Number of protein chains: 2
Amino acid sequence: MRQAILVTMESAPTSGRIGVDSALNQLRRRHQRITPARVAVLEVLSGGVGHMSAAEIVDLAADRTPGVHRATVYRALSTLCDLGIVTHTHIAGAGTIYHLADVHGVAHAHLQCSVCGSVIDLPAEALSPLTRTVRDSYDFTLEPQHAALIGVCTNCR
Amino acid sequence: MRQAILVTMESAPTSGRIGVDSALNQLRRRHQRITPARVAVLEVLSGGVGHMSAAEIVDLAADRTPGVHRATVYRALSTLCDLGIVTHTHIAGAGTIYHLADVHGVAHAHLQCSVCGSVIDLPAEALSPLTRTVRDSYDFTLEPQHAALIGVCTNCR
DNA sequence: CTGCTTGCAAAGTGTTTGCAGGCCC
DNA sequence: GGGCCTGCAAACACTTTGCAAGCAG
């Protein structure tokens, strides 16, 4: 019943996401240091299709820049998320996935299948009615891309 | 003292959720055993207001039925969830919360504040437009109460 | 050179599992 | 009394932290 495997069903490459150059520029602009570890993380995120788990990023980063430590990757991801350069999404029962931030105006949310664990991208605008309702009725500002919506996908039904 | 609080709360309006008796009956009907540990978990869930973390349930269950072990509470919760007697919701970065299942027709989802961590109940019907969209466009069956929606609450903004 | 970042190891969380014994039905 | 449930301890997955050394700016 526990879903540990993370399968990504995303076919489209990283369209709509910022690039490594843009990310590095933002770092410079914010007076943050450009370090090998951070570059590695950004390039890994840029290179992969879709979302990646922390474990995947750790492996691939250490792959391309040997010596990069797990803890460093976590710290880099944390920093990059704080700066808005990277976005993270909480996945039920399987930690967190990361990707480069969306370019302005094309934010997206995630659907997660509770059976097979696959994650599907969803335009954030699909949530706008809900966002409005929640804002009006509860004075609550929804962050639609921050947690995956759970359900069952076509294949698993 | 904690016991007194529990008893007091037990008479409080746990509106919309099934009761302990109903839960026990369902267990019997499904030929599942009624054990002290399971009764303790159900009464704790029934007594508390709103959602409880696994850790809270463990503490309170051990409180009212000394000797109940952590692992047993987890197993009881797992069983009860499988039977649909208890519902669980994944909370970003903080594990899982549990409560007695909703009585038919009054399902609810959850809003979680990413700043203070508080969890707010939300009628599931607020998600029906989204549920429809996702069903029509992605052939994806949403389970709105399975994961909390994240955002920022009034107080934290 | 200053102090933010890193590598390392170890500690934290939250949850699960193997096993022998216990108790519900 | 058979077999599901339990207590225990240990394992598990994921993430964080204290510290001394290292490197970016």
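Owing to the predicted nature of the structure, the values given are computational and were not obtained by experimental measurement. Lettering follows sequence order; numbering is per chain, from 1.
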Taken to the nearest whole Å, CG/A:Asp59 to C1'/D:dT15 is 15 Å
Rounded to whole Å, the NE2-C1' distance (B:His90 to C:dG14) equals 13 Å
Side-chain-base donor-acceptor pair under 3.5 Å for B:Arg75 and D:dG7 = yes
Applying a 4.0 Å non-hydrogen cut-off, can you work out what B:Ala94 is touching in the nucleic acid: base, sugar-phosphate, or nothing?
nothing
A:Arg30 atom CZ is separated from D:dA24 atom C1', nearest whole Å, by 19 Å
Whichever of A:His69 and B:His69 has the more 5' nearest nucleotide on DNA chain D, that residue is B:His69
Answer yes or no: is there a side-chain heavy-atom contact under 4.5 Å between A:Leu60 and A:Met52?
-> yes
Rounded to whole Å, CG of B:Leu80 lies from P of D:dC5 at a distance of 10 Å
Quiz item: Can you tell me if the side-chain N/O atoms of A:Gln32 get under 4.0 Å from OP1 or OP2 in D:dG25?
Solution: no
Q: Record whether the side chain of B:Arg70 comes under 3.5 Å of the base of C:dG14 through a donor-acceptor pair of N or O atoms.
A: no
- Query: Looking just at side-chain N and O atoms, do B:His88 and B:His146 make a donor-acceptor pair shorter than 3.5 Å?
  - Reply: yes
note: B:Leu24, atom CG; C:dC24, atom C1'; distance rounded to Å ~ 14 Å
Taken to the nearest whole Å, CG/B:Leu42 to P/D:dC5 is 13 Å
From OH of A:Tyr98 across to P of D:dC14 the rounded distance in Å is 12 Å
Any side-chain N or O of A:Thr96 below 4.0 angstrom from OP1/OP2 of D:dT15? yes
Quiz item: Between A:Thr72 and C:dG7, does any side-chain N or O lie under 4.0 Å from OP1 or OP2?
Solution: yes
- Query: Phosphate oxygens OP1/OP2 of C:dT6: is one of them under 4.0 Å from a side-chain N or O of A:Thr35?
  - Reply: yes
| request: Check whether any side-chain nitrogen or oxygen of A:Tyr74 sits under 4.0 Å from OP1 or OP2 of D:dT15, and answer yes or no. | output: yes
Distance-only donor-acceptor test (3.5 Å): side chain B:Arg33, base D:dC5
no
If you apply the rule side-chain hydrogen bond (donor to acceptor under 3.5 Å, both in side chains), what do you find for A:His69 with A:Arg75, and how did you get there?
CA-CA 10 Å; A:His69 195 269; A:Arg75 283 189 276 228; over 6 Å; no
Taken to the nearest whole Å, CD1/B:Ile34 to C1'/D:dC4 is 13 Å
In the structure I gave you, are the side-chain heavy atoms of B:Thr89 and B:His51 within less than 4.5 Å of one another anywhere?
no
Heavy-atom nearest nucleotide on DNA chain D taken for B:Ala71 and for B:Ala37; more 5' hit belongs to B:Ala37
Side chain to side chain donor-acceptor pair (under 3.5 Å) pairs touching residues 30-40 of chain B, sequence neighbours excluded, are none
